[in-house]
Amino acid sequence: MFGLLGITIYFLVELVRDTLINRKKNQNIITCLRILIILMSITIFSKYVHLKYFDYPTLLIVPLFIIVSTIYLIYEKQRDIKIVASIVFFALLLIPTFGVSFYNSPYSYLPGQKQSRYNVSEGVETTLPYKYINDTAILLRNQANRLRQKEEFDSAIIIYRKAQIVDPKNPTFYFELSDCYARKENLEKAIILMDSAIMLDGSFSGFYNNRGLLYYKSNDYYSALNDISMAIYYDSTNKVAYGNMALVHDALNNSKKACEYIELAEKLGLDIKIDEHLLKIKKYNCE
């Protein structure tokens with residue numbers, strides 16, 4: 001990400017120098033390309049840190065960048081090596097970000113990232129209070145759960161989808177599908193599925209807690225705060241939500257709040273040994 005910042009600063013300085021100080025003429029395409037390179041730096045950064053509000057500007061910036069870059073590379077006789085290098089650099093970054101799937105996280109294509117995003121090895125089982133429409137839905141869910149426990153997530157997803165067809169208004173399947181996608185490191189898809197579960201039942205604490213955790217793992221801390229607050233609002237005894245709230249406050253460098261929520265979680269019976277991060281927060285930040 002520091003490379004993106006460096007590119008932005010360099011081309012911003014070049015843009016100001018040539019247009020305002022040196023007042024060079026006949027550089028329309030170069031000026032346009034420099035502006036697009038600056039915007040592309042912001043675009044790539046927003047995609048890699050999952051800032052969804054920049055998706056719509058991206059739909060305009062990326063095609064313009066591709067068109068202007070192509071024109072520059074074909075027709076410009078004296079090419080600037082730094083501009084060419086930047087074009088190639090952004091083209092490579094665009095392959096995982098947009099070339100495969102517009103909404104797929106680029107983290108899933110980067111080496112060493114698969115265990116650094118979700119990384120939930122242990123947790124507290126959530127009991128879902130929903131009844132099933134028939135025995136077929138129950139059988140499919142049991143089959144999918146066995147596959148999920150064996151970490152055969154792709155196969156589990158197929159069975160859960162079949163169960164959804166049988167029992168489409170049951171939030172259980174959205175919740176459990178979300179867990180499958182999260183463990184496949186597709187947190188964006190997992191969040192969308194939790195959105196659907198909450199649409200079906202907007203008062204179940206566990207759904208907000210899980211979506212809040214997904215936001216936390218996606219570095220969207222303020223969305224995480226909002227969701228976990230809702231989880232506590234709907235169930236003030238949700239000990240896991242208090243633990244997750246501590247994690248979010250720690251990420252926001254609010255150690256005092258993090259310690260307060262750890263204390264509340266432990267009073268409600270949460271064993272913080274299930275989360276190494278909570279243990280570290282308590283050890284190094286809490287009295």
Side-chain angles (χ1 to χ4, degrees), residues 1-118 181-182 184-192 195 214-215 217-223 251:
M1 297 307 167
F2 288 110
L4 293 174
L5 179 61
I7 290 172
T8 302
I9 293 171
Y10 173 80
F11 281 101
L12 188 59
V13 170
E14 289 289 297
L15 183 65
V16 171
R17 187 186 66 185
D18 286 351
T19 57
L20 299 181
I21 300 174
N22 297 338
R23 297 183 181 277
K24 288 185 178 181
K25 299 180 179 180
N26 301 321
Q27 282 200 322
N28 291 341
I29 190 168
I30 293 176
T31 299
C32 183
L33 196 48
R34 282 174 177 161
I35 292 171
L36 285 168
I37 286 172
I38 293 168
L39 292 173
M40 280 297 296
S41 295
I42 300 169
T43 296
I44 293 293
F45 176 80
S46 72
K47 292 300 292 182
Y48 273 70
V49 297
H50 320 294
L51 300 178
K52 294 183 179 180
Y53 59 76
F54 210 73
D55 280 352
Y56 290 109
T58 294
L59 295 173
L60 177 63
I61 293 167
V62 172
L64 282 175
F65 173 75
I66 294 171
I67 292 168
V68 175
S69 297
T70 303
I71 293 171
Y72 176 81
L73 293 173
I74 292 175
Y75 295 105
E76 187 67 32
K77 294 180 180 179
Q78 296 181 334
R79 303 184 189 96
D80 184 330
I81 186 64
K82 295 183 181 65
I83 291 178
V84 173
S86 297
I87 291 171
V88 173
F89 177 65
F90 285 131
L92 291 173
L93 289 178
L94 282 172
I95 293 171
T97 312
F98 304 103
V100 178
S101 175
F102 187 83
Y103 290 101
N104 274 0
S105 166
Y107 283 98
S108 61
Y109 303 101
L110 295 178
Q113 293 292 328
K114 283 191 175 293
Q115 294 184 359
S116 64
R117 291 193 72 202
Y118 193 56
Y181 279 102
K184 281 167 55 67
E185 301 300 324
N186 190 339
L187 303 193
E188 293 69 37
K189 181 67 174 178
I191 289 170
I192 291 169
D195 293 343
L214 290 165
Y215 278 129
K217 294 292 186 176
S218 300
N219 301 324
D220 188 349
Y221 301 128
Y222 291 102
S223 294

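Just so it is clear, the structure is predicted and the values come from calculations on it, not from any experiment. Atoms considered below: every heavy atom in the structure, side chains included; atoms not considered: hydrogens, waters and symmetry mates.
With sequence neighbours excluded, the residues satisfying side chain to side chain contact (heavy atoms under 4.5 Å, CB included) with Y221 are Y216, N219, V248, A251, L252. Annotation: side chain to side chain donor-acceptor pair (under 3.5 Å) contacts of T8 (sequence neighbours excluded): S41. Residues forming a ring-ring contact (aromatic ring centres under 6.0 Å, His included) with F90 (at least two apart in sequence, or on another chain): F65.
Here the CG atom belonging to L73 is positioned 9.5 Å from the CD1 atom belonging to I83, to the nearest 0.5 angstrom. Atom OH of residue Y10 and atom CD1 of residue I37 lie 9.5 Å apart, to the nearest 0.5 angstrom. Between the CD1 atom in I87 and the CG atom in L92 there is a gap of 12.0 Å [rounded to 0.5 Å]. Going from atom CG of L39 over to atom CG of L64 covers 9.5 Å, rounded to the nearest 0.5 Å. Within the model, atoms OG of S86 and CD1 of I38 stand 10.5 Å from one another, a figure rounded to the nearest 0.5 Å. If you take CD1 on I71 and CG on L33, they are separated by 10.0 Å, rounding to the nearest 0.5 Å.
When every heavy atom of A182 is checked against every heavy atom of A190, the shortest pair comes out as N-CB, 3.8 Å. Of all the heavy atoms in R79 and I74, the pair that sits closest is NH2-O, 4.3 Å.
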Does M40 form a side chain to side chain contact (heavy atoms under 4.5 Å, CB included) with V62? I'd like the steps, not just the answer.
CA-CA 7 Å; M40 280 297 296; V62 172; 4.1 Å; yes

Show your working on side chain to side chain contact (heavy atoms under 4.5 Å, CB included) between Y72 and I30 and close with a plain yes or no.
CA-CA 8 Å; Y72 176 81; I30 293 176; 4.1 Å; yes

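At a threshold of 4.5 Å between non-hydrogen side-chain atoms, the residues F89 and I7 count as touching.
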